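For reference, the structure is listed below as structure tokens.
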Amino acid sequence: MRSVTYSMSVSLDGYIVGPDGGFDWTVPDEEVFRLATDEVRGAGVHLLGRRLYETMLYWETADEDPSLGFSTVEFAAIWKSLPKVVFSTTLSAVQGNARLASGSLAEEIERLRGEPGDGDIAIGGATLAAEAAASGLIDEYRARVYPVLIGGGIPFFPRNERRVDLDLVETRTFSSRVVYLRYRVAR
């Protein structure tokens with residue numbers, strides 16, 4: 001069965017976006033960017049909320065810019081070809097290899113888990129991940145922890161007052177002082 005994974009950059013105090021809406025502190029170096037590329041390469045489909053979808057639209061045409069380096073062009077090509085499901089109550093259409101969700105998050109995940117296919121079901125965005133976590137649908141949490149305290153904003157982990165036990169699967173420290181933590185939900 002395909003795993004549902006939630007992966008984002010996060011501040012040491014647990015936020016993916018600061019109180020001002022900024023996330024400029026998450027700019028990855030080449031080593032961290034390679035990890036993010038490998039994660040996207042391992043996904044079979046990516047589930048996104050509207051805000052993250054709109055942020056990631058940049059990657060739909062980034063590979064057309066001849067001034068970009070190989071790593072950026074490679075990520076763009078992988079992202080562009082990756083099937084995406086967008087959850088939004090305000091969008092009426094999406095671009096590229098994306099479709100609007102036709103059911104609830106739980107229904108979409110159940111359908112995707114039942115379909116043949118390789119790769120993880122990746123979830124991006126704190127709001128969507130919080131909904132999946134509250135329903136016990138996340139199998140792995142993957143955090144790229146940046147050495148910064150931002151004091152507030154949108155939290156990486158949902159505040160659903162539900163205990164979730166985790167098993168550490170992998171950890172890596174990068175030369176940029178970013179620490180990668182990968183946990184599997186203990187079931």
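All of these numbers come straight from a predicted model, not from anything done at the bench. Side-chain atoms are counted along with the backbone in the values below, which use heavy atoms only and exclude waters and symmetry mates.
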Worksheet, complete the sentence: Residue pairs meeting salt bridge (charged side-chain N to carboxylate O under 4.0 Å, His left out), one or both in residues 144-154, sequence neighbours left out, come to E39-R144
Worksheet item: Is there any salt bridge (charged side-chain N to carboxylate O under 4.0 Å, His left out) pair reaching into residues 117-130, and which pairs are they, with sequence neighbours excluded?
Response: D120-R142
Worksheet entry | With T173 via side chain to side chain donor-acceptor pair (under 3.5 Å) - residues at least two apart | none
Item to complete: Scan for side chain to side chain donor-acceptor pair (under 3.5 Å) pairs involving residues 16-27, sequence neighbours excluded, and state none if there are none.
Response: none
Item to complete: Output every pair passing side chain to side chain donor-acceptor pair (under 3.5 Å) with a member in residues 124-133, not counting sequence neighbours, ordered by first then second residue.
Response: R51-T127
Worksheet entry | Test side chain to side chain donor-acceptor pair (under 3.5 Å) applied to T5 - qualifying residues, sequence neighbours left out | none
Worksheet item: Would a distance-only check, ignoring hydrogens and angles, find a side-chain to backbone donor-acceptor pair under 3.5 Å from Y6 to F156?
Response: yes
Fill in: Whichever hydrophobic residues join M56 through chains of side-chain contacts under 4.5 Å
F33, V40, L48, L52, Y53, L57, Y58, W59, L68, V73, F75, I78, W79, L82, V86, L91, V94, L100
Item to complete: Going by the side-chain contact (heavy atoms from CB on, under 4.5 Å) test, name the single residue among I109, V185, L112 that passes it with V4.
Response: I109
Item to complete: Please go through V27's hydrophobic cluster and name the other residues, only I, L, V, M, F, W, Y counting, with side-chain heavy atoms under 4.5 Å joining them.
Response: none
Discussion item. Just to verify, what does Y183 make a side chain to side chain donor-acceptor pair (under 3.5 Å) with, not counting sequence neighbours?
Written reply: none
Item to complete: Could you note down all residue pairs passing salt bridge (charged side-chain N to carboxylate O under 4.0 Å, His left out) where residues 54-67 supplies at least one of them, sequence neighbours left out?
Response: R50-E54, E60-K84, D63-K80, E64-K80
Worksheet, complete the sentence: Sequence neighbours excluded, the answer for side chain to side chain donor-acceptor pair (under 3.5 Å) partners of S88 is T90
Worksheet entry | Qualifying salt bridge (charged side-chain N to carboxylate O under 4.0 Å, His left out) pairs with a residue from residues 91-103, counting only residues at least two apart or across chains | R99-E108
